[in-house]
Protein chains: 2
Amino acid sequence: MLYEECISGGLKMTVQRRIIADCLDEADDHPDVDAIYRRAVEKDSSVSIATVYRTIGIFEKAGLIQPIDIVDSNKRYEVKRERHDHLVDVETGQIHEFKSPSIENLVREIALEMGFDVSDFQLQVYGSKVGGKECPCYRIKVY
Amino acid sequence: MLYEECISGGLKMTVQRRIIADCLDEADDHPDVDAIYRRAVEKDSSVSIATVYRTIGIFEKAGLIQPIDIVDSNKRYEVKRERHDHLVDVETGQIHEFKSPSIENLVREIALEMGFDVSDFQLQVYGSKVGGKECPCYRIKVY
DNA sequence: ATACATGCAAAAATTTTGCGACTCT
DNA sequence: AGAGTCGCAAAATTTTTGCATGTAT
């Protein structure tokens, strides 16, 4: 739980931070700041958007959450876990997570050839269901 | 040249679009909207920020330029060429480009296993020079 | 000629901040 | 008690838009 991570990370835990941490823990999607704010307000209507921004900034700096950049979307967040990547269904906008040690190894290998140690990397894949019918109305992005 | 791409793409070419296209063509870095705007104004001080936004939107929708999301940075743009990835030196902020057919194949393979055809993907790698000394002052992001 | 692009300035959307009050530890 | 956090509202940023005018085809 993010909440415990915060405490062991030495963060002062206020009710607001607890609420925001809970929202992030409970999210099975990848909410943006506004979505987190709306969910937090449901739990306690007094939570302010300023606190959400400040708290997300603190969680991020502490390495407890991870920002995700998806084309045609605001910046989203997820609780940091094992590193993994994202496959965006361009028909529906749905985001699928996946892991691939081979990609990870390959990335590190290539970076090393360039003389770099990898501290992190992010991979966003955009695609559509094999054999799926076209549905431009929901399409996020066509390349 | 992006300029010619625009014409063959059937876009009405105004002097402003020409200027913005030139700025993008000439950029060897990865400018954000404001940087593009400032460079465009140098060529013709009457170019407005609204036109820069509108033009970038049009170029992007036409598939002529590519947005790049780098942590702790505004959205950046580059002229679309062969697909390639970005390695960000977290000490200096410098962005190196690289290509890797093996990563590309691997990504397509994994997506296919998940039942998806890949239309595009983006990979941003963050790292620091092997053996390089620490210099937190310029560090973009520490994970 | 006319459909579309532009600049301007206002508006909308997003993010940050100063400050007095409040609350964890 | 004291350092740090919160809500609020103002400010700063970033992005979009309406409209009268201008321009490429």
Side-chain angles (χ1 to χ4, degrees), chain A residues 2-24 30-62 64-65 67-77 141, chain B residues 2-24 30-62 64-65 67-77 141:
Chain A
L2 181 50
Y3 167 64
E4 279 114 27
E5 297 283 323
C6 293
I7 293 175
S8 46
L11 293 186
K12 185 191 274 189
M13 280 316 278
T14 62
V15 293
Q16 291 87 347
R17 285 183 186 178
R18 172 68 190 260
I19 288 171
I20 293 165
D22 287 348
C23 289
L24 286 159
H30 302 80
D32 63 7
V33 171
D34 191 58
I36 296 167
Y37 171 59
R38 280 182 281 105
R39 293 173 201 184
V41 163
E42 273 184 33
K43 292 176 190 281
D44 179 338
S45 64
S46 76
V47 173
S48 78
I49 186 72
T51 295
V52 174
Y53 273 105
R54 283 190 275 230
T55 303
I56 287 176
I58 286 164
F59 286 177
E60 189 181 343
K61 217 177 314 185
L64 301 174
I65 62 176
I68 310 166
D69 283 305
I70 299 294
V71 170
D72 282 1
S73 163
N74 289 336
K75 191 186 290 193
R76 294 153 171 267
Y77 294 90
K141 184 79 193 166
Chain B
L2 180 49
Y3 169 64
E4 279 112 28
E5 297 284 322
C6 293
I7 292 174
S8 45
L11 295 186
K12 185 190 275 190
M13 281 316 276
T14 63
V15 292
Q16 292 86 346
R17 285 182 184 179
R18 172 69 192 259
I19 287 170
I20 293 166
D22 286 347
C23 289
L24 285 159
H30 302 80
D32 63 9
V33 171
D34 190 58
I36 296 167
Y37 171 59
R38 280 181 282 107
R39 293 173 200 184
V41 163
E42 272 183 32
K43 292 175 188 283
D44 178 338
S45 63
S46 77
V47 173
S48 77
I49 186 72
T51 295
V52 174
Y53 273 104
R54 282 190 276 231
T55 303
I56 287 176
I58 286 164
F59 286 177
E60 188 180 343
K61 216 176 315 184
L64 301 174
I65 62 175
I68 311 166
D69 283 305
I70 299 293
V71 171
D72 283 359
S73 163
N74 289 335
K75 191 185 289 192
R76 295 152 171 269
Y77 294 90
K141 184 79 192 167

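Each chain gets a letter, A, B and so on, in the order its sequence line appears, and its residues count up from 1.
- Of all the heavy atoms in Val47(B) and Tyr37(B), the pair that sits closest is O-CE1, 3.4 Å.
- Residues Ile70(B) and Arg76(B) are in side-chain contact: their nearest non-hydrogen atoms beyond the backbone lie under 4.5 Å apart.
- Ile36(B) places its CD1 atom 11 Å from the P atom of dT15(D), with the value rounded to the nearest Å.
- Put simply, NZ on Lys75(B) is 14 Å from C1' on dT14(C), counting in whole angstrom units.
- Residue Thr14(A) places no side-chain N or O under 4.0 Å from the OP1 or OP2 atom of dC24(C).
- Taking atom CG of residue Asp32(A) and atom P of nucleotide dT14(C), one finds them 8 Å apart after rounding to whole Å.
- Atoms CD1 (Ile19(B)) and P (dA5(C)) sit 16 Å apart, rounded to a whole Å.
- As a whole-Å value, the separation of Asn74(A) CG from dT14(D) C1' is 12 Å.
- Regarding Ile56(A), its CD1 atom lies at a distance of 12 Å from the C1' atom of dT14(C), rounded to whole Å.
- Phosphate proximity of dT16(C) to Tyr53(A): absent, as no side-chain N or O sits under 4.0 Å from OP1 or OP2.
- For Ala50(A), taking side-chain heavy atoms from C-beta onward, the closest of the listed nucleotides dT14(C), dA5(C), dA9(D) is dA9(D).
- When the C1' atom of dT14(C) is taken as reference, atom CZ of Arg76(A) falls 16 Å away, rounded to whole Å.
- Nearest heavy-atom pair across Ala21(B) and Tyr3(B) is CB-N, 4.1 Å.
- In terms of modelled atom types and a separation under 3.5 Å, the side chain of Thr55(A) and the main chain of Val52(A) share no donor-acceptor contact.
- Between Gln16(A) and dT5(D) there is no side-chain polar atom (N or O) within less than 4.0 angstrom of OP1 or OP2.
- The listed nucleotides are dC8(D), dT15(D), dG7(C); the one nearest the side chain of Thr51(B) is dG7(C).
- Between the side chain of Arg54(A) and the base of dG4(D), no donor-acceptor pair of N or O atoms lies under 3.5 Å.
- The distance between atom CZ of Arg18(A) and atom P of dT5(D), rounded to the nearest whole Å, is 18 Å.
- Summary of the strand contacts: Ile58(A) and Met13(B) both lie near DNA chain D, and taking for each the nucleotide with the nearest heavy atom, the more 5' one is attributed to Ile58(A).
- Comparing Asp34(B) and Lys12(B), the nucleotide of DNA chain D nearest to each residue sits closer to the 5' end for Asp34(B).
- For the side-chain contact (heavy atoms from CB on, under 4.5 Å) criterion with Asp32(B), the lone passing option out of Asn74(B), Ile68(B), Ile56(B) is Asn74(B).
- Here dG7(D) is the nucleotide among dT14(C), dG7(D), dT15(D) with the atom lying nearest to any side-chain atom of Val47(A).
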